[in-house]
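What follows is a short report on a single structure.
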Amino acid sequence: MDPQYNPQAIESKWQKRWEAGHLFDAEPEPDSARKKYYVLEMLPYPSGDIHMGHVRNYTLGDALARYKWMQGYNVLHPIGWDAFGLPAENAAIKHQRHPSEFTFSFIDRMRGQLKRLGLSYDWRREIATCVPEYYRWNQWFFLRMYKRGLAYRKKSRVNWCPLCETVLANEQVVNGCCWRHEDTAVVERDLEQWFLKITAYAERLLIDMKELRGGWPERVLAMQENWIGKSKGTLVDFEIEQLGEPVRVFTTRVDTIYGCTAVLLAPGHPLVEKLIATSPHAGSLREKVERIKASSTALPARVGDEANPEKLGAFTGFTARNPYSGESVPVWLANFVLMEYGTGAVMAVPAHDQRDYEFCKQYGLPIPQVIAPLDGGAADLSQGAFSEYGRLMNSGPYTGLTSEDAQARMTGEAEAKGFGKGTTQYRLRDWGISRQRYWGTPIPIIYCSKCGVVPVPESDLPVVLPMNARFTGRGASPLAEVADFVNTICPKCRGAARRETDTMDTFVDSSWYFYRYTDPKISTAPVSQAAVKYWFPVDQYIGGIEHAILHLIYMRFFTKVMQDINLVDFSEPVARLFTQGMVIKDGAKMSKSKGNVVDPTQMCARYGADTVRLYMLFAAPPERDLEWSDAGIEGAARFLNRVYRVVAKHVGALGTVQTRVSEGDSESGIVGREPTPEERRLLLKVHRTLRHVSEDMEERWHYNTDIAMLMDLVNEIGDLDPAIETGKIQASCLKMSIEVLVRMLSIFAPHIADELWESLGHDEPALKTFWPKYNAALAQEDELEIPIQINGKLRGRIRVARDAREDDIVRMAQAEEKAAQYLSGKAVIKTVYVPQKLVSFVVK
RNA sequence: GCGAAAGUGGCGGAAUUGGCAGACGCGCCAGACUUAGGAUCUGGUCCCGCAAGGGGUGGGGGUUCGAGUCCCCCCUUUCGCACCA
């Protein structure tokens, strides 16, 4: 009667033991030769914000064993904090209670989910011990930046999510919607906000990408480059003739300026108010402005609009003078001109810019050509703008120059005559960190009626959250209503003062928390310089693609700030980045609204966590998305079943046989005689598999191929019964093979592996024992099979000894039966021999 | 429009530096054991062909003794950004 594999019983048994025995609690041994891994988020499952951080020094086997299933340091992971904080605060608002009550229940629920997946992570311990320290050092960073002018406050139009009741950073606005509420349109509000001056680092963020090329995925770098959005161009002042005042435009194509037929203003441009005030038709102009504003394509709330919405404009009645040609052009309002980019005003050159072309065509403005194609052909302006570089025409003194030359000279003229200058624009905007929420680090600023804005002295940190806040869910931060918190004393004049009530974006925490992991207990500085010196830059960082322009750009920014305040001596924190895929269903990311959610808890209850994990790892390489298939997981379940049966069958006979695998032994395990061919074959397979898995763990992480090889090995061992019965395979050799198999399996399916490992007579969990070394000699065949190609086609194969000489091999190949047929009567003009790979003849 | 990634059996995917295309698994077909099978085991499964053999990695060209892999052109899909002047 075969023993039955019962995943539920095995998994609950081992989870209890691991927890009791603190499986992963060992401190790392410093050893600079080993790789340092940092894993942000590895569970390829989108249903929860299951984020885990880890910095550890690994031996090879442990590295990837723990890669997915880690226990954190005694440090709060602030992103996880955020993931719990938001729903907790929403629940607090609903039930009029304190969010901490809900936080812990969320954490426990998440913990339950983690446990079912075989993860052990003590959030509660971490949060309880680490929050005040985190606040302290977030505030410390803020104050350092404030001193350097990198943190500033300004009234600003912000993106506001009506559902979160809070401000969002630009990066958190996705298609005009909140990043958390994908179908809630973001609206605009004017609020006093705190900003971090990330724009001061735009150029360095761009330049330092050189260091990242090769180590980071190209698409992440492309997304960041795009987000920073550098472009070189020229600022030019047009004079509004009726006001005698300049309006400044930004253009990357100053060479086309003789073709300018209008100046276009964004409806929110500061000059617009003045135009209204001066206009003889003020009433109708204001009406026009309002109409254009309402249709502005720059509104963040444009949800689900087509990619190219209708252009709308209105003539203001004013004209502007082109400083190059002296020509007068009309000043228009246009809904597609963005206030947020450049100067909020542009020159319209319809012949050479597609947007201007469409606009001018619609409103009947002229379309004069000033650039001719370089190839001497004619530009067809009836279909659209000619927007390439070319040679200038109808451009006064610049006629005949190439676009490049003209740009340089014309910018020079503007600078010489004082009506403009060359400039570089970035799309990147400063990082608004103010949040009107309870849940976050309080911004350490005090407002005094006498002294103004006063930073909290470092010695008074941390400013912590009051426990007695009320949660109304309306308007400003809940902190604003807590008198004990708000009312304070000015550190300068000791008079009555008020605290800032906004809290920080949690992305501030995540910008540097991975430094803290290297020494979570240091109390005199945010990070320990010695620990950072040892651990950084991180060799390998792993996380989802969704952080490409959020977390991954903020953390680069923070590192540069840390470099500037001499906290670190490098500018890029992460040498290599790996973005793993996620589980998708029906071709799309799972979401409740789409109803395509696969519940991991249910799957684990049905098949066991080992099976679920094994399937997720087997069905696709880690960087690729995995389409969930219910049929596919059956195969994983069958495999573990087979492993269990195959191993359990031999356990009785092997339990007392001694091997030294647990000490990293790599010998054949055979005593008293030479290996039989059957043993040789088994050992070959075992050590080949071990070599593949070992090497793959180090570099490629294609777990799917590792598991495929394990399946192969299990099939092989399963077929050994006749050889075992006839004594052709010694017990110690078989046991060693099974032990290596189980040890490799423990990386992917730890519960079943530990169960089998124990049944083989081991006390410690498999993950805690040595990783076996593969034996290069055993992983090599004595005989090689060499294919023979004739004129590039496969014509035969020969078996040769591993150490056979080239001329012998070639002679054998020529003699091979089939090859000989193809060679007879032909002249061999060329012979190619690739050592240990193939023989190739070219014949005529 | 700009940028990135990717196109291999019925499906997920292997093929690490140019060297036997389709490992491993799913599905399917046939069989065995069974009162039974949604359990287990055995064999088969890229296409054409009885066979010998031929063809085959989105399409077309090129380099090479040899191309899924390198180069050029084209097509398709996915993702990111997008009236950014």
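The sequence lines fix the lettering, A, B, ..., with proteins before strands; numbering per chain opens at 1.
Counting only heavy atoms from C-beta on, A:Thr705 has its side chain closest to B:A15 among B:A15, B:G53, B:C24. For A:Leu838, the listed nucleotide lying nearest its side chain is B:G19; candidates were B:C81, B:G25, B:G19.
In summary, A:Glu816 and A:Arg795 do not engage in a salt bridge, as defined by a charged side-chain N under 4.0 Å from a carboxylate O. Salt bridge A:Lys230/A:Glu225: absent, no basic N to carboxylate O contact under 4.0 Å.
Between A:Arg638 and B:G38 there is no side-chain polar atom (N or O) within less than 4.0 angstrom of OP1 or OP2. Taking 4.0 angstrom as the limit, A:Lys311 places none of its side-chain polar atoms (N or O) nearer than this to OP1 or OP2 of B:C83. In this structure, A:Asn704 does not reach the B:A23 phosphate: none of its side-chain N or O atoms is under 4.0 Å from OP1 or OP2. In this structure, A:Lys232 does not reach the B:A85 phosphate: none of its side-chain N or O atoms is under 4.0 Å from OP1 or OP2. Contact check, A:Arg355 against B:C84: a side-chain N or O comes under 4.0 Å of OP1 or OP2.
Taking the centre of each ring, A:Tyr324 and A:Phe419 come in below the 6.0 Å mark.
A donor-acceptor contact under 3.5 Å is formed by the side chain of A:Gln789 with the base of B:G19.
In this structure, A:Asp719 atom CG and B:C41 atom P are separated by 10 Å, rounded to whole Å. Rounded to an integer number of Å, the gap from A:His702 NE2 to B:G12 C1' is 15 Å. Distance, A:Met711 CE to B:G25 P: 6 Å, rounded to whole Å.
Ring geometry for A:Trp332 versus A:Phe359: interplanar angle over 60°, hence perpendicular rather than tilted (30 to 60°).
Put simply, the residue from A:Val337, A:Leu235, A:Val236 that forms a side chain to side chain contact (heavy atoms under 4.5 Å, CB included) with A:Val249 is A:Val236.
Using a 4.0 Å heavy-atom criterion, one finds that A:Glu785 contacts the bases of the nucleic acid, with or without backbone contacts as well. Contact annotation for A:Ser231: backbone-only contact, meaning every heavy-atom pair under 4.0 Å involves sugar-phosphate atoms and none involves a base. In this structure, A:Pro621 reaches the sugar-phosphate backbone alone: every heavy-atom distance under 4.0 Å involves primed, P, OP1 or OP2 atoms, never a base. Looking at heavy-atom distances under 4.0 Å, A:His352 makes no contact with the nucleic acid at all.
Heavy-atom nearest nucleotides on RNA chain B were determined for A:Ile707 and for A:Arg624, and the one closer to the 5' end corresponds to A:Arg624.
Taking atom P on both nucleotides, B:G27 is separated from B:G19 by 32 Å, rounded to a whole Å.
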